[in-house]
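One structure is given below, encoded as structure tokens.
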Protein chains: 2
Amino acid sequence: MTIKDSIFEDIREGRLKPGDQTPSEAELVETFKVSRMTANRALRELQSAGIVVRRAGRGSFVAEPRPIGQLIEIRNIADEVRSRGHAYRARVVHNVEIRADAERAALLEVGLGTRLFHSLIVHHETEFPIQVEERFVLASAAPRYGERDFSASTPNEYLTRVAPLERVEHRVCAAMPDTGMRTMLGLAEGEPVLMMTRRTWSRGRLVSHAWLTHPGNRFELSAAFSVET
Amino acid sequence: MTIKDSIFEDIREGRLKPGDQTPSEAELVETFKVSRMTANRALRELQSAGIVVRRAGRGSFVAEPRPIGQLIEIRNIADEVRSRGHAYRARVVHNVEIRADAERAALLEVGLGTRLFHSLIVHHETEFPIQVEERFVLASAAPRYGERDFSASTPNEYLTRVAPLERVEHRVCAAMPDTGMRTMLGLAEGEPVLMMTRRTWSRGRLVSHAWLTHPGNRFELSAAFSVET
DNA sequence: AAGTGGTCTAGACCACTTC
DNA sequence: AAGTGGTCTAGACCACTTC
């Protein structure tokens, strides 16, 4: 666990970048005073998790960020827009602290009156709105959520930092937007939206419930996976 | 590889059912004449792939089919309908062999004139259409596709059997259906659809390209994953 | 007490890539 | 020739569950 954690931390904190060579098995044996099998297992598991790529005879390397994959929806929408070479901009409609009423309490599986944050943000690619993000967040899991400037960095970015992602659930459906949504997304009448409900867990608790709404015709979700061999 | 394959085959062919206990590490050591570490690794990898659940002190057991998971879209739509306790029915509009024209050749990344099958099927839950499936399949990868009776079992079921799934790619978008689609799905005017494009690879080749179209408001895709610890 | 998985060790042989 | 990962062995100690 320590070996994997150590390498993962080096990657997360930028000391190891995609393509960089990680310590070899032999180096890990020395550094961590373990047997080679243990070092081997740590690197092998990092490979299986897609964090590291290993090449016999060459070494182990930090994997490139997966361009498509199960994780695509987890990517920061800001990064995604920028990766297409476009400007990203966000407009924060509101971000306030509330107390859970019956409906919100059920949503986040907490008691009545629990402190929550409620944010509504419109994300833009160049000048076009591409996503409306409405989100409820458990305040105790992300205490400073309400003070954050989400026009500078996304809730997703903040949340994954303060509440390490443990489990994610997505539901996707097509729908016709109401007038408010249509206005925010700048849609013509009769245009459908692609709506994703996204719930995230951290440290055993449901931490966030979000609705991500996209213009149906100008946005695609994609995902790919390969079967382990 | 042999150990994992052997256990996986037992599961796939029903000799081991969800909840059943798999051979223990000690038994694998005897049967396959390997060291315990090798048996341990095989079972551990099956666990990491979600095939097997292991409990210290108790044993290893065939995992329950994941109710939600990355693989949900891979499940047979027939099974999915039945798992909701509803009747499943399919209407095969057509299933014919064609030669790839320029457009289809590009779609499946093959040469002009390559033999393909083209099927169009409407899937029903109880009496309601819930999915229109249009599919192009590489004939050389699934030679008997054209003779199959897809009102009895789905293309997906046949394909995963003859062409083991290696990689899947999904794209999802919301759209307004054309008149034909609207009729097939029994939709009112102004109702959006959720359209999934699904490509599958087997043995290194792109084998199938399908469009799965659902009534937007009566269907949801869902997916969840947990981060490895 | 016997069986289970969790984890680790110290060593081995191998094919491959790098220099 | 030196370094890399791929894989395996035979043994160990442990905590837990079952009977």
Side-chain angles (χ1 to χ4, degrees), chain A residues 1-11 15-64 66 166-167 203-204 226-229, chain B residues 1-11 15-64 66 166-167 203-204 226-229:
Chain A
M1 212 43 54
T2 329
I3 303 180
K4 283 167 71 177
D5 286 348
S6 154
I7 293 175
F8 191 57
E9 190 177 294
D10 285 347
I11 295 170
R15 291 189 290 274
L16 284 173
K17 293 188 201 316
D20 286 357
Q21 185 156 14
T22 71
S24 70
E25 294 184 0
E27 286 167 332
L28 293 176
V29 165
E30 284 209 10
T31 310
F32 290 91
K33 309 293 179 205
V34 294
S35 74
R36 204 195 130 204
M37 269 305 281
T38 303
N40 173 276
R41 178 172 167 185
L43 284 172
R44 182 155 36 80
E45 290 182 353
L46 285 172
Q47 168 164 258
S48 142
I51 311 286
V52 150
V53 176
R54 313 191 75 198
R55 301 278 174 238
R58 298 197 47 216
S60 302
F61 305 87
V62 178
E64 296 297 323
R66 8 201 163 185
E166 199 174 86
R167 196 179 115 81
R203 303 190 178 98
S226 301
V227 171
E228 277 193 43
T229 47
Chain B
M1 214 42 57
T2 328
I3 302 180
K4 284 168 69 178
D5 286 349
S6 154
I7 293 175
F8 190 57
E9 190 177 295
D10 284 348
I11 295 171
R15 289 189 291 274
L16 283 173
K17 294 189 201 314
D20 286 358
Q21 186 157 12
T22 70
S24 71
E25 294 184 359
E27 285 167 333
L28 294 174
V29 164
E30 283 210 10
T31 311
F32 290 92
K33 310 292 179 203
V34 294
S35 72
R36 206 196 129 204
M37 269 305 281
T38 303
N40 173 276
R41 178 171 167 185
L43 284 172
R44 185 156 33 81
E45 290 181 352
L46 285 172
Q47 168 165 256
S48 142
I51 311 287
V52 150
V53 175
R54 314 191 74 201
R55 300 279 174 237
R58 301 196 45 213
S60 302
F61 305 86
V62 178
E64 296 297 323
R66 8 196 166 192
E166 198 174 84
R167 196 180 116 83
R203 304 190 178 100
S226 301
V227 172
E228 278 193 44
T229 48

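Remember, predicted model here, so these are calculated numbers, not experimental data. Each chain gets a letter, A, B and so on, in the order its sequence line appears, and its residues count up from 1.
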Practice item. Take atom CZ of Arg55(B) and atom C1' of dT7(C), then tell me their distance rounded to the nearest Å. Key: 18 Å
Review point. Is any side-chain nitrogen or oxygen of Arg41(A) closer than 4.0 Å to OP1 or OP2 of dT7(C)?
Key: yes
Check your understanding: Can you list the residues that meet the side-chain hydrogen bond (donor to acceptor under 3.5 Å, both in side chains) rule with Thr31(B), with sequence neighbours excluded?
Key -> none
Check your understanding: Could you give the CD1-to-P distance, from Ile3(A) to dG5(D), as a whole number of Å?
Key -> 13 Å
Exercise for review: Would you kindly give the CG-to-C1' distance between Leu28(A) and dT4(D), to the nearest whole Å?
Suggested key: 13 Å
Point to revise | Length of the line joining Phe61(B):CZ and dG3(C):P, which is rounded to integer Å | key: 16 Å
Practice item. Please identify each residue that fulfils side-chain hydrogen bond (donor to acceptor under 3.5 Å, both in side chains) with Ser24(B), with sequence neighbours left out. Key: none
Check your understanding: Per the end-axis method with five pairs at each terminus, what is the bend angle of the helix from dG3(C)-dC16(D) to dC16(C)-dG3(D), to 10°?
Key -> 0°
Exercise for review: Check whether any side-chain N or O of Ser24(B) sits under 4.0 Å from OP1 or OP2 of dG3(C), and answer yes or no.
Suggested key: no
**Study point:** Set of side-chain hydrogen bond (donor to acceptor under 3.5 Å, both in side chains) partners for Thr22(B), sequence neighbours left out
**Key:** none
Review point. Hey, which of these two, Asn40(B) or Gly57(A), hits DNA chain C nearer its 5' end, going by closest nucleotide?
Key: Asn40(B)
**Study point:** Whole angstrom value for the distance that separates P of dT4(C) from CD of Gln47(B)
**Key:** 16 Å
Point to revise | Short side-chain N/O contact from Arg54(B) to OP1 or OP2 of dG6(C), under 4.0 Å | key: yes
Review point. Going by heavy atoms in the side chains, are Met37(A) and Arg41(B) under 4.5 Å from each other?
Key: no
Check your understanding: At what distance, to the nearest 0.5 angstrom, does CG of Leu46(B) lie from CG of Asp5(B)?
Key -> 9.0 Å
Study note, to complete from the structure: Sequence neighbours excluded, the answer for side-chain hydrogen bond (donor to acceptor under 3.5 Å, both in side chains) partners of Arg54(A) is Glu25(A), Ser60(A)
Review point. For Gln21(A), does the CD atom sit with more than 12 other heavy atoms under 6.0 Å from it, leaving out its own atoms?
Key: yes
Revision key, fill the gap. Atom CD of Glu25(A) and atom C1' of dG3(D) are separated, to the nearest Å, by 11 Å
Polar-atom pairs under 3.5 Å, protein N or O versus N or O of nucleotides 11-13 of chain D: list them with distances, or write none.
residue	atom	partner	partner atom	Å
dA12(D)	N6	Arg36(B)	NH1	3.1

Exercise for review: Please determine if a side-chain N or O atom of Arg58(A) lies less than 4.0 Å away from the OP1 or OP2 oxygen of dT18(C).
Suggested key: yes
**Study point:** Gln21(B) CD to dG3(C) P, straight-line distance once rounded to whole Å
**Key:** 13 Å
**Study point:** Gap between atoms CD and P, on Glu30(A) and dG3(D) respectively (whole Å)
**Key:** 11 Å
Check your understanding: So does Thr38(B) get a side-chain nitrogen or oxygen closer than 4.0 Å to the phosphate oxygens (OP1/OP2) of dT9(D)?
Key -> yes
Exercise for review: Supply the atom-to-atom distance Lys4(B) NZ to Leu43(B) CG, rounded to the nearest 0.5 angstrom.
Suggested key: 10.5 Å
Check your understanding: Taking only residues two or more places apart in sequence or in another chain, which ones pass side-chain contact (heavy atoms from CB on, under 4.5 Å) with Val34(B)?
Key -> Ile3(B), Phe32(B), Thr38(B), Ala39(B)
